[in-house]
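Here is the structure we will look at, set down as structure tokens.
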Amino acid sequence: ASEEQVKNSTAPAMFDTEAANCLMKELRSTFLAGKTKSYEWRSSQLKSLLKMLEDSDKQICDALFSDLSKPEMEAYIHEIAMIKSSCKLALKKLKDWMKPEKAKTNLGTFPSSAEIVPEPLGVVLIISAWNYPLLLSVDPVIGAIAAGNAVVLKPSELAPAMSSLLAKLLGKYLDNSAIKVVEGAVPETSALLEQKWDKIFYTGNGRVARVVMAAAAKNLTPVVLELGGKSPVLVDSNIDLTVTARRIVSGKWGCNNGQACVAPDYIITTKQYAPVLIDSLKHHLVKFFGEDPMNSPDMSKVGHSRHFARLKKLLDDDKISGKIIHGGQTDKSNLKIAPTIVLDAPEDSLIMSEEIFGPLLPIVTVEKIEDGVEFINSRPKPLAAYLFTNTKQLKEEFVSNISAGGVVINDVTLHLMVDTLPFGGVGESGTGAYHGKFSFDAFSHKKAVLYRGFFGDAPARYPPYTPGKLRLL
Ligand code: NAD
């Protein structure tokens, strides 16, 4: 999206503090009336959401193409199919998820029984990002509805076509007394952040996450922060080279052209193995995207002129001059950057200091593969860490010694498709998690409930505290 498209796409009427107050009042009263709590309401909303996805796939693909030139196949696999499957899972499991869970009691409370009752948090705010503008908006909304909350979604202004489509579709298919979309950029989000929410779920960069967390702290509002970071790929030399290269190429350039939070950010391999790995990466780039990848219909563009300028700055950094071994071409008017490989960029270069979030891939070489673990651990905890190896010991070391939001061995990015795994970061890459049942949990409070009768009172618990009573302990 260009600056102009973004400017023109913000909400027609200014959404300010007063509008945010009104919105909160309405949603709070819906929630307090208990409307969103029943199984029937939750499942009816999820069913409507599913219907919305089924009826609107063409419009969704068009919006994703307009915002990102996202290939239709990617739109289906990475966005539409993912949320359809989240929605279906929530519908299938909702009754189970809502059931209180029995808990064991002990002698100190005998006789008693206990359970953990999941309850909705109340009115929640979801702020989403532009790179998977459908998935990152609707997936958390599914969790919020399943858990029985009223919800406001604030899509990203950097994906204007999807933002306005979401406002239109959610307005048409869902219960607007409990589920609202607010379009807009910083002023609108700031007005929303002044409200007292019961949870804020934010997806985006770490700088804005600090703004969100500071606003939340004023009301002791809990947050989920789904952030990013530099996700490394450590590549050993005893691997299946073809499988490894094609998985990396597709995970980097075939997933929104590197603009994915879990995209491989940089590769580490040994000095000795680097040349064969690079040859195979180049070979698969041509195989997948042709000799002229800037014009490949199978590759998304850079999402926004601001991000194009940011990526150009990483490429123009003097510290990597002479180190670009593949690609490097840019086309500002079409927001395209060729798949680019950079060999041995210095640690203090921009490309090795900032999250790349685009089609550039630095390769770091080390003397021995184990040095890679040390390299990763000397940097902030990434959202994902990937390892390709056939060595059991290295796999074990990687899993036990590398702290990351998630780890995948011998592939990249796929962990986020497994709904029995929590998806989220750690440290600088975020806090909290979602997907599958974890989404329901992210928007629920687990209330501890202890049941007692009126008999079985041990006199020893009551004052006066005599020495005899003390001896009973
Ligand atoms: P973005 O620019 O779309 O911003 C995200 C949201 O923050 C938007 O809704 C935007 O309106 C809002 N925002 C921006 N500035 C704000 C401000 N000053 N105050 C309040 N709200 C503000 O997205 P982005 O940050 O460019 O997204 C890219 C980043 O997000 C990368 O770091 C990426 O790794 C991360 N990301 C993480 C995940 C995940 O699931 N962990 C998914 C996608 C992206």
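Whatever order the structure lists them in is the order used to number ligands and atoms, beginning at 1.
- Shown are Asn256, Leu136, Leu135, Asp139; of these, the side-chain contact (heavy atoms from CB on, under 4.5 Å) with Glu79 is made only by Leu135.
- Heavy-atom proximity to Leu383, at under 4.0 Å, picks out these atoms of ligand 1: 41 (N).
- For Glu54, the CD atom counts as densely surrounded, since its 6.0 Å shell holds more than 12 non-hydrogen atoms of other residues, nucleotides or ligands.
- Distances between N or O atoms of Arg306 and those of ligand 1 include no value under 3.5 Å.
- Counting heavy atoms closer than 4.0 Å to ligand 1, residue Asn205 contributes atoms from both its backbone and its side chain.
- Contact annotation: for Val212 versus ligand 1, there are no heavy atoms closer than 4.0 Å.
- For the pair Arg379 and Glu355, the salt-bridge criterion is not met [side-chain N within less than 4.0 Å of a carboxylate O].
- Contact between Ser128 and ligand 1 is present, with at least one heavy atom of the residue lying under 4.0 Å from the ligand.
- The closest side-chain donor-acceptor pair between Ser177 and Lys35 falls under 3.5 angstrom.
- The closest protein non-hydrogen atom to atom 11 (O) of ligand 1 is Glu157 OE1, 2.6 Å.
- Considering all non-hydrogen atoms of both residues, Gly171 and Asn176 come closest at O-OD1, 2.9 Å.
- Summarising the local packing, CD of Glu374 is surrounded by 12 or fewer heavy atoms from other residues, nucleotides or ligands at distances under 6.0 Å.
- Heavy atoms of Tyr132 come nearer than 4.0 angstrom to ligand 1 in no pair at all.
- Closest to atom 36 (N) of ligand 1, if we only count protein heavy atoms, is Cys261 CB, 3.5 Å.
- The proximity of Ile127 to ligand 1, defined as any non-hydrogen pair under 4.0 Å, is limited to the side chain.
- Contact atoms of ligand 1 toward Leu158: 2 (O) (distance under 4.0 Å to a heavy atom of the residue).
- Of the protein's non-hydrogen atoms, Tyr202 CE1, 3.4 Å is the one closest to atom 7 (O) of ligand 1.
- Nearest protein heavy-atom neighbour of atom 40 (O) of ligand 1: Phe423 CE2, 3.4 Å.
- Between Lys154 and Glu157 a salt bridge is recorded (basic side-chain N to carboxylate O distance below 4.0 Å).
- Atom 34 (O) of ligand 1 has its closest protein heavy atom at Glu355 OE2, 2.6 Å.
- Taking only nitrogen or oxygen atoms, main chain and side chain alike, Lys154 reaches within less than 3.5 Å of ligand 1.
- Ring geometry for Phe201 versus Tyr434: interplanar angle over 60°, hence perpendicular rather than tilted (30 to 60°).
- Using cut-offs of 30° and 60° on the angle between ring planes, the pair Phe440 and Trp97 is tilted.
- For atom 1 (P) of ligand 1, the closest non-hydrogen atom of the protein is Trp130 CD1, 3.5 Å.
- With hydrogens left out, the protein atom closest to atom 16 (C) of ligand 1 is Val208 CG1, 3.5 Å, a heavy atom.
- The closest protein non-hydrogen atom to atom 44 (C) of ligand 1 is Asn131 OD1, 3.6 Å.
- The heavy atom nearest to atom 3 (O) of ligand 1, out of those in Pro187, Ser156, Ala260, Ala185, is found in Ser156.
- Remark: Lys93 NZ is loosely packed, at most 12 non-hydrogen atoms of other residues, nucleotides or ligands lying under 6.0 Å away.
- The backbone N or O of Thr221 sits nowhere less than 3.5 Å from a side-chain atom of Asn219 that would complete a donor-acceptor pair.
- Close contacts between ligand 1 and His307 involve ligand atoms 26 (O) [criterion: under 4.0 Å to a heavy atom].
- Just one residue in the list Ile268, Leu281, Ile248 forms a side-chain contact (heavy atoms from CB on, under 4.5 Å) with Val235, and that residue is Ile248.
- Atom CE of Met294 has more than 12 neighbouring heavy atoms from other residues, nucleotides or ligands inside a 6.0 Å radius.
- Ionic pairing of Lys230 and Asp265 is present here: one or more N-O contacts between side-chain nitrogen and carboxylate oxygen are shorter than 4.0 angstrom.
- The CH2 atom of Trp130 sits 4.5 Å away from the NE2 atom of His307 when rounded to the nearest 0.5 Å.
- Of the candidates Gly184, Gly204, Gly424, the one placing a heavy atom closest to atom 30 (O) of ligand 1 is Gly204.
- Here's the thing with Leu227: one of its N/O atoms is less than 3.5 angstrom from an N/O atom of ligand 1.
- Set against the non-hydrogen atoms of Gly228, the atoms of ligand 1 under 4.0 Å away are 34 (O).
- No N or O atom of Leu136 sits closer than 3.5 Å to an N or O atom of ligand 1.
- Under a 4.0 Å criterion applied to the non-hydrogen atoms of Thr203, ligand 1 contributes the atoms 5 (C), 37 (C), 38 (C), 39 (C), 40 (O), 42 (C), 43 (C).
- Between His304 and ligand 1 there is no heavy-atom distance shorter than 4.0 Å.
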